[in-house]
Amino acid sequence: MSGPVDLKADVAEILVSEEAIQERVRELGQRISDDYRGRNLTLVSVLKGSLPFMADLMRAIDVPVRIDLMEVSSYGGTATESSGLVRILKDLSASIADEDVLLVEDIIDTGLTLNYLIRYLRGKNPASLRICTLLDKPARRLVDIPVDYTGFTIEDRFVVGYGLDYGELYRNLRFVGVLRPEVYSGGG
Ligand code: PRP
Ligand code: 7HP
């Protein structure tokens with residue numbers, strides 16, 4: 001029988017603390033500001049996981065930015081595995097032609113989602129397209145992805161928090177943590 005979800009109690013280990021995330025986001029924001037000064041930067045974030053990262057990162061950037069949001073879902077996979085079959089649930093709301101686009105993701109795992117998105121966005125003729133991810137899990141990569149800005153490189157563990165979910169929950173945790181195995185096996 002399953003009881004109510006206790007978000008923090010379900011986390012076995014904090015992998016990246018709230019303080020470490022905030023410090024790294026500040027550093028990334030500074031680097032991005034330096035790299036894009038005088039350009040036309042559009043941040044494109046991929047819902048829903050990158051929502052907290054996008055919100056913090058855009059405020060750590062001190063050059064003018066436009067923002068846009070896409071939402072995609074991968075189908076045919078499981079709660080912990082993406083399939084590479086990507087469906088666009090929400091498209092860009094404005095043209096990115098001739099814009100310098102920075103795609104903001106929460107995590108790159110197999111790389112299949114970004115592989116699809118990069119091809120899709122390149123087809124819209126941006127002036128440039130770079131990738132920024134909070135977390136990178138290179139051990140699981142199935143396709144090569146050129147990552148320009150990385151927050152943290154992590155081991156092959158399923159993580160939740162700061163936007164990342166399991167079964168749509170845990171996104172509102174302020175840190176990134178590893179779930180207890182019992183949560184996956186349904187033992188509560
Ligand atoms: C997660 C994450 C990435 C993708 C990474 O999204 O936000 O977009 O998986 O996995 P991949 O590199 O193996 O393709 P998810 O489909 O879980 O949607 P969400 O952002 O709404 O949680
Ligand atoms: C997707 C995803 N979502 C949450 N936690 C992880 O470790 C993940 N990898 N890919």
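Numbering of ligands and ligand atoms starts at 1, following listing order. Numbering of residues begins at 1 and proceeds along the displayed sequence. Atoms considered below: every heavy atom in the structure, side chains included; atoms not considered: hydrogens, waters and symmetry mates.
- Close contacts between ligand 1 and Leu47 involve ligand atoms 20 (O), 21 (O) [criterion: under 4.0 Å to a heavy atom].
- Applying the 6.0 Å contact sphere to NZ of Lys90 captures more than 12 heavy atoms from other residues, nucleotides or ligands.
- Using a 4.0 Å cut-off between charged nitrogen and carboxylate oxygen, Arg31 and Asp148 do not count as a salt-bridge pair.
- At a heavy-atom cutoff of 4.0 Å, ligand 1 is contacted by no atom of Arg140, backbone or side chain.
- Here's the thing with Gly111: one of its N/O atoms is less than 3.5 angstrom from an N/O atom of ligand 1.
- Below 3.5 Å of separation, one finds no N or O of Glu168 facing any N or O of ligand 1.
- Within 6.0 Å of CD on Glu27 lie more than 12 heavy atoms contributed by other residues, nucleotides or ligands.
- Of the N or O atoms in Gly49, one or more lie within a sub-3.5 Å distance of an N or O in ligand 1.
- In summary, the atoms of ligand 2 found under 4.0 Å from a heavy atom of Arg157, numbered by their order in the structure, are 7 (O).
- Residue Asp165 approaches ligand 2 through these ligand atoms, each under 4.0 Å from one of its heavy atoms: 4 (C).
- Using a cut-off of 4.0 Å between Lys/Arg side-chain N and Asp/Glu carboxylate O, Lys48 and Asp106 are scored as not salt-bridged.
- Within 6.0 Å of atom CG in Asp6, more than 12 heavy atoms from other residues, nucleotides or ligands are found, so the atom counts as buried in its surroundings.
- Contacts between Lys137 and ligand 2, counted as non-hydrogen atom pairs separated by less than 4.0 Å, involve the side chain only.
- Residue contacts with ligand 1 for Asp106 involve side-chain atoms from C-beta outward but no N, CA, C or O (heavy atoms, distance under 4.0 Å).
- The shell of residues lying under 4.0 angstrom from ligand 2, judged by heavy atoms, excludes Val160.
- Residue contacts with ligand 1, taken as heavy atom pairs separated by less than 4.0 Å, involve Arg171 solely via side-chain atoms from C-beta onward.
- For a threshold of 3.5 Å applied to N or O pairs, the pair formed by Ser50 and ligand 1 contains no separation below that value.
- Contacts with ligand 2 closer than 4.0 Å are made by heavy atoms of both the backbone and the side chain of Val159.
- If you number the atoms of ligand 1 from 1 as listed, the ones under 4.0 Å from a heavy atom of Lys48 come out as 19 (P), 20 (O), 21 (O).
- Annotation for Val46 and Ser50: closest pair O-OG, 2.6 Å, computed over non-hydrogen atoms.
- When each of Leu41, Asp35, Val101 is checked for a side chain to side chain contact (heavy atoms under 4.5 Å, CB included) with Arg130, only Asp35 meets the rule.
- Ligand 2 places these atoms under 4.0 Å from at least one heavy atom of Asp109: 8 (C), 9 (N), 10 (N).
- Ion pairing between Glu99 and Arg66 holds under the 4.0 Å rule for side-chain N and carboxylate O.
- Note on Arg180 versus Asp10: no salt bridge recorded, every NZ/NE/NH1/NH2 to OD/OE distance being 4.0 Å or above.
- Of all atoms in ligand 1, numbered sequentially from 1 with element shown, those under 4.0 Å from a heavy atom of Ile107 are 2 (C), 3 (C), 5 (C).
- Contacts between Asp165 and ligand 1 below 4.0 angstrom, taking non-hydrogen atoms only, involve the side chain exclusively.
- A salt bridge links Arg174 with Glu18: the distance from a Lys NZ or Arg NE/NH1/NH2 to an Asp or Glu carboxylate oxygen falls below 4.0 Å.
- Salt bridge status for Arg59 with Asp56: present, with a side-chain N to carboxylate O gap under 4.0 Å.
- Heavy-atom distances between Thr110 and ligand 2 stay at or above 4.0 Å for every pair.
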